[in-house]
Asker: 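Got a structure here, written out as structure tokens. Questions coming.
In this chain, numbering begins with 1 at the start of the sequence shown.
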Amino acid sequence: KRYADLMNRASYEAIDSPRNLKLLGMANLKFILMPKAGKLKNPALVPVYETADTTVWQNPKCLPRSYIVHGAKIITDDKDKVLDALFDEHFDPLRTVILESGDSINTGIQGMPQQPGEKVEFLKYSNNEVVIAAALKNDGYLVLSDSNYPGWKVEVLNLNTGERKYAEPLYANHLFRAVGLKSGKYSVRFIFQPQSFYRGLKITILTIIIAALGLIWLRLKSSLKKQS
């Protein structure tokens, strides 16, 4: 549904409009494949490969898959306002993240991009788990350009203090994931554990307990027979 919301709004303009290129960049889409008949007109796009029928264009607005920002705009309970903010020509996703919940962090350098000396490094990346090493010189937000939906959890380990916290990732820029971080060094682990996982785990544990009780009863019954 959230993806459809973005695509519906994007369909109002050409795919190579500045706002749509920014949207595709937020999704970490680096290349655009188009048939020759659908030649793109935005001079910012660079053709990097061609065949007889198609052209591959490089999107200069492509953002890293994960990055740090030091500003946030919180818009609650209003999808249209969120989309309006995303498609505002002045919105810079490298400086500000649009959130739908949570408290705004007083970063001290509000609206600034990732600073020199700050880093984001992927330690693990799979369909169900993403682990990122992050270092922040000022308070801010770690943004991950992967879809967020119910079932994703985030574990934040502060490498300076050893403190470990668990939460649900924030919805960032309507579709993606974010987590607020104070200055310091962190290991941030996103893991997908839907409710069906916990229901299955409970059923498995209950089955093991019932089987164990049944085994104990059979042994006890056998022992009583021998004694009689």
Side-chain angles (χ1 to χ4, degrees), residues 2-3 6 22-30 61-76 82 85-86 91-198 201:
R2 289 174 176 265
Y3 178 80
L6 286 176
K22 180 170 62 178
L23 174 64
L24 295 173
M26 283 190 285
N28 192 235
L29 187 65
K30 189 173 184 179
K61 298 294 185 180
C62 181
L63 303 186
R65 183 166 291 276
S66 185
Y67 52 93
I68 294 164
V69 300
H70 294 284
K73 183 176 183 179
I74 299 175
I75 303 175
T76 59
V82 170
L86 281 174
F91 170 61
D92 184 348
L94 285 176
R95 293 176 175 268
T96 303
V97 59
I98 296 173
L99 304 174
E100 299 175 26
S101 62
D103 298 321
S104 182
I105 297 175
N106 182 11
T107 66
I109 53 171
Q110 186 75 14
M112 294 298 288
Q114 187 168 315
Q115 300 294 291
E118 296 184 322
K119 74 167 188 174
V120 173
E121 179 184 356
F122 283 93
L123 302 180
K124 181 177 181 179
Y125 191 93
S126 67
N127 290 335
N128 297 322
E129 184 180 12
V130 179
V131 182
I132 298 173
L136 289 78
K137 296 178 70 175
N138 297 87
D139 299 354
Y141 298 88
L142 175 70
V143 180
L144 176 62
S145 298
D146 286 355
S147 297
N148 189 18
Y149 41 88
W152 278 105
K153 311 294 181 185
V154 61
E155 173 191 90
V156 178
L157 172 62
N158 187 320
L159 299 177
N160 300 101
T161 65
E163 182 182 13
R164 193 183 303 266
K165 292 184 177 180
Y166 300 88
E168 292 185 359
L170 301 169
Y171 274 99
N173 300 331
H174 191 61
L175 182 62
F176 309 113
R177 300 175 220 159
V179 59
L181 300 173
K182 299 290 187 180
S183 61
K185 295 182 178 180
Y186 296 89
S187 173
V188 181
R189 178 175 177 249
F190 295 93
I191 185 166
F192 187 60
Q193 292 181 338
Q195 288 300 315
S196 58
F197 168 83
Y198 292 105
L201 182 61

Asker: Pair V130, F122 - check side-chain contact (heavy atoms from CB on, under 4.5 Å), show working.
Answerer: CA-CA 8 Å; V130 179; F122 283 93; 3.7 Å; yes
Asker: Side-chain contact test, heavy atoms from C-beta onward, threshold under 4.5 Å: evaluate it for H70 versus Q115 and give yes or no.
Answerer: yes
Asker: Determine which pairs satisfy ring pair (Phe, Tyr, Trp, His ring centres under 6.0 Å) with at least one residue from residues 153-172, sequence neighbours left out, and list them in order.
Answerer: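 Passing the test, one end in residues 153-172: no pairs.
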Asker: Distance from D146 atom CG to N28 atom CG, nearest 0.5 Å?
Answerer: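 CG of N28 is found 8.0 Å from CG of D146.
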Asker: Start with the C-alpha gap between F91 and L86, add the side-chain angles, then the distance that decides, and say whether side-chain contact (heavy atoms from CB on, under 4.5 Å) holds.
Answerer: CA-CA 6 Å; F91 170 61; L86 281 174; 3.7 Å; yes
Asker: Salt bridge check: are E100 and R2 linked by an N-O gap of less than 4.0 Å?
Answerer: yes
Asker: Step by step, would you call L144 with R65 a side-chain contact (heavy atoms from CB on, under 4.5 Å)?
Answerer: CA-CA 6 Å; L144 176 62; R65 183 166 291 276; 4.1 Å; yes
Asker: Any carboxylate oxygen within less than 4.0 angstrom of a Lys/Arg side-chain nitrogen, looking at K165 and E155?
Answerer: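 Judged by the 4.0 Å cut-off on N to carboxylate O distance, K165 and E155 do not form a salt bridge.
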Asker: What is the distance from atom OH of Y186 to atom CZ of R164, rounded to the nearest 0.5 Å?
Answerer: 13.5 Å
Asker: Measure the spacing between OG of S183 and CG of N158 and express it to the nearest 0.5 Å.
Answerer: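 One finds 9.0 Å between OG of S183 and CG of N158.
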Asker: Would you call the rings of W152 and F192 parallel, tilted or perpendicular if under 30° counts as parallel and over 60° as perpendicular?
Answerer: tilted
Asker: My understanding is that only one of L142, L123, V179 makes a side chain to side chain contact (heavy atoms under 4.5 Å, CB included) with I132; could you say which?
Answerer: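 Going through the options one by one, the only one that passes is L142.
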Asker: With rounding to the nearest 0.5 angstrom, report the CG to CG distance, L99 to N173.
Answerer: 8.0 Å
Asker: I need the L157 CG to R189 CZ distance, nearest 0.5 Å.
Answerer: 11.0 Å
Asker: Is there a side-chain contact between L170 and S101, using heavy atoms and a 4.5 Å cut-off?
Answerer: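 With C-beta onward as the side chain, the pair touches.
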Asker: Does a sphere of radius 6.0 Å around OH in Y149 hold more than 12 heavy atoms from other residues, nucleotides or ligands, not counting ones at 6.0 Å or beyond?
Answerer: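 Yes, because the 6.0 Å sphere around OH of Y149 holds more than 12 heavy atoms from other groups.
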Asker: Is the closest side-chain heavy-atom distance between P93 and Y67 below 4.5 Å?
Answerer: yes
